[in-house]
Protein chains: 2
Amino acid sequence: MRTDTTFKRAFNDMIDLLRTFDPGAELPSENALRAQLGVSRTTVRKVLASMSARGVIVSEAHGRIMREHPQQIERYPKEETLAISQQVETSFMEWMLRDNACPGTEINEAELARKFGVATTIVREFLNRFQKYGLIEKRQNAGWVFKGFTANFALELFEIREMFEMRSARLFASLPDSSPIWKQVRAMRAAHLELLADIDARFQDFSELDSRFHRLIATVAPNRFVESFQDVIAIVFHYHYQWNKRDERTRNEVAIREHLALIEALESRNIASIDQACRAHLTSARETLLRSIA
Amino acid sequence: MRTDTTFKRAFNDMIDLLRTFDPGAELPSENALRAQLGVSRTTVRKVLASMSARGVIVSEAHGRIMREHPQQIERYPKEETLAISQQVETSFMEWMLRDNACPGTEINEAELARKFGVATTIVREFLNRFQKYGLIEKRQNAGWVFKGFTANFALELFEIREMFEMRSARLFASLPDSSPIWKQVRAMRAAHLELLADIDARFQDFSELDSRFHRLIATVAPNRFVESFQDVIAIVFHYHYQWNKRDERTRNEVAIREHLALIEALESRNIASIDQACRAHLTSARETLLRSIA
DNA sequence: CGTATGTTTCTTATGTATAAAAAACGAGGG
DNA sequence: CCCTCGTTTTTTATACATAAGAAACATACG
């Protein structure tokens, strides 16, 4: 049966939300909370009931009042707030990347389901979605084959990435000053400089910034297929580097500097510089990935 | 419970296979048949048993003998040889393209399952796989949204297609004479000329030839993401034009001539001609699609 | 011993069940 | 009438069940 991860996530979020109110304050309506927590009213009511039961809030004639800041209420642990399908993604990635599964390995739905402790339906659904990442292949009336997280995979991935990214980057040259994207570019530069200043402590934050940076570049010429491909890149980098920490700090610092160079090139509107900076970064990222695979 | 479409398909194939034997001939071993029919031995045995029951073949001490050509045995109808998941694809495409679903329409798994007369699991699985075609989008804990088979969709599709196809086509210029692909190119030209000669009768065969032609061009630089994108193109064209027959004959004849021009350009090894022919064809294909959508 | 068939076991394709979440419906109160 | 809240209905996420199909094992025969 369905897990109540949505409720638990909303419950945790509600704790944070309550911190922004003063003790004794009247809470917003269920509908307002629904919008803020991003869940249905049904779930909001469940959270409210749960909070009431713990005495954090009390129902009055005219609505609900927060009694006190929920200091000692326990949050639900992170794992319990993730839908089973998301947990399966992590489990699978771990199996694939950490256990170093060999190219050509047969993937068995039933076996994975047992190993991960979930229903076969979920594994099946995950594999169907995962297919688009190009790492597995289905065989008629039989299981799947793992094609391997290989150098070849990396090369094919970067071949497409280069096509897509060069196309977007070049478009910046002809973007008018008035385009709102320049503001975002400046903000992006600031975020990079900030991270760079504190690189020793925060180098792990780079992965997410990286993804945001490349997605921003892609937005100049919106295309659903390009966006979908960004998901492929994001998931590969996210999980691969999560379990592959060699030279992480250096690697990220280099990438940040390359990003900054590209930002400068974009702002210069000079096609040649843009080309050069973009290609330099992609080449470097590709080599880094290849080195970590070999 | 699982349907026996695999058996029915194998049964039909077996009828064709038996036609190639003489009456009284001894049949190949179960294992040999398995390889020829492309199914498991379990299914082969089921087919053999079924054929025996109908008296077409008899078991002897030393194997099986075909008694007579299976003239009056009835084949299973085509629909019964398609897995439910494939039928759902057709049903969904029909709903989307023929019923002209509006952009923004909410897709309801349960409702579709009822409408198509299948289990919700299947619909869910289909939608997950179908997501990669860029026509639907999932919303957290809710259904899906149909983004519409719109002009925008066509434009984004062709933008990627042009990038991919120009890349491949250009590579032909530097391909050595010795490459085995030239032979395939010549065969492809022959197939086109043949179809052109008989265009009035066979113009419906173009769709499949078209797909093969573009896939052939892509094989010069194999890339799983490009290949996967060919599936997108193939499915879109296959279904869209299946229910959109306006000017079909003319449309296909034009495309064949464009293909022939491109083949000639490829063989010339002249980058400029290749570029020109390739772009001309893609532009024309795009305009045709756009016209049929509007 | 290698190949062909009979038998058993395991996996996949598909249907059904159900708790959780979302959405729709309804009734009061400003 | 619009908003808020209580209630009912519908849908989704997940588990489980089972026939069809694949694969592994076993036996027999040349």
Rounded to whole angstrom units, what separation is found between the CG atom of Asn128(B) and the C1' atom of dT12(D)? 12 Å
With DNA chain C as reference, determine whether Thr3(A) or Glu30(B) sits nearer its 5' end, using the nearest nucleotide of each. Glu30(B)
Does Arg124(B) place a side-chain N or O at less than 4.0 Å from the phosphate oxygens OP1/OP2 of dA13(D)? yes
Thr121(A) near the nucleic acid: base, sugar-phosphate alone, or nothing, with a heavy-atom cut-off under 4.0 Å? base
Under a 4.0 Å heavy-atom cutoff, the residues of residues 80-92 of chain A touching DNA chain D are Ala83(A), Ile84(A), Ser85(A)
Go nucleotide by nucleotide along DNA chain D from the 5' end; which of Ser40(B) and Ile107(B) gets its closest nucleotide reached first? Ile107(B)
In whole angstrom, what separates Leu48(B)'s CG from dA4(C)'s C1'? 12 Å
Any donor-acceptor N or O pair under 3.5 Å, side chains Tyr239(A), Glu94(A): no
Whether Arg215(B) and Asp210(B) form a salt bridge (side-chain N of Lys/Arg under 4.0 Å from carboxylate O of Asp/Glu) is what I want to check. no
Between P of dA23(C) and CD of Gln140(B), the distance in whole Å: 12 Å
Please determine whether a side-chain nitrogen or oxygen atom of Ser29(A) lies at a distance below 4.0 Å from atom OP1 or OP2 of dT4(D). yes
State, to 0.1 Å, how close Gln131(A) and Ile136(A) come at their nearest heavy-atom pair, and which atoms those are. CA-CG1, 4.0 Å
dA22(D), OP1 or OP2 - any side-chain N/O from Asn141(A) closer than 4.0 Å? yes
If I take atom CZ in residue Phe116(A) and atom P in nucleotide dA15(D), what distance separates them, rounded to the nearest angstrom? 13 Å
Name the closest nucleotide to the Arg2(A) side chain, picking from dT18(C), dA13(D), dT12(C). dA13(D)
Angle class for the Phe237(A)/Tyr241(A) ring planes (parallel below 30°, perpendicular above 60°, tilted otherwise)? perpendicular
For Thr81(B), is there any backbone N or O sitting under 3.5 Å from a side-chain donor or acceptor partner on Arg9(B)? yes
Taking atom types as modelled, find out whether Arg114(A) and Asn108(A) have a side-chain donor-acceptor pair closer than 3.5 angstrom. no
Once you round it to whole Å, what is the distance between C1' of dA24(D) and CZ of Arg34(B)? 13 Å
Just the rounded figure in Å: distance from C1' of dA20(D) to CZ of Arg9(B). 12 Å
Taken to the nearest whole Å, CG/Asp4(B) to C1'/dT12(C) is 15 Å
With a non-hydrogen cut-off below 4.0 angstrom, is Arg64(A) in contact with a base, only sugar-phosphate, or nothing? sugar-phosphate
Could you go over nucleotides 8-10 of chain C and give all protein N or O partners under 3.5 Å, atom names and distances?
none

Show the numbers, then the answer: is there a salt bridge (charged side-chain N to carboxylate O under 4.0 Å, His left out) between Arg129(B) and Asp231(B)? CA-CA 12 Å; Arg129(B) 263 182 301 126; Asp231(B) 298 343; over 6 Å; no
Hey, which of these two, Ile122(B) or Arg41(B), hits DNA chain C nearer its 5' end, going by closest nucleotide? Arg41(B)
Under 4.0 angstrom, heavy atoms only, what part of the nucleic acid is Lys138(B) near: base, sugar-phosphate, or nothing? sugar-phosphate
Pro222(B) and Glu227(B), any side-chain heavy atoms less than 4.5 Å apart: yes
From CD (Glu30(A)) to OG (Ser40(A)), nearest 0.5 Å: 10.5 Å
Please examine the side chains of Ile73(B) and Phe11(B), heavy atoms only from C-beta on, and report whether any two atoms are closer than 4.5 Å. yes
Between dT14(D) atom C1' and Arg129(A) atom CZ, what is the distance in whole Å? 13 Å
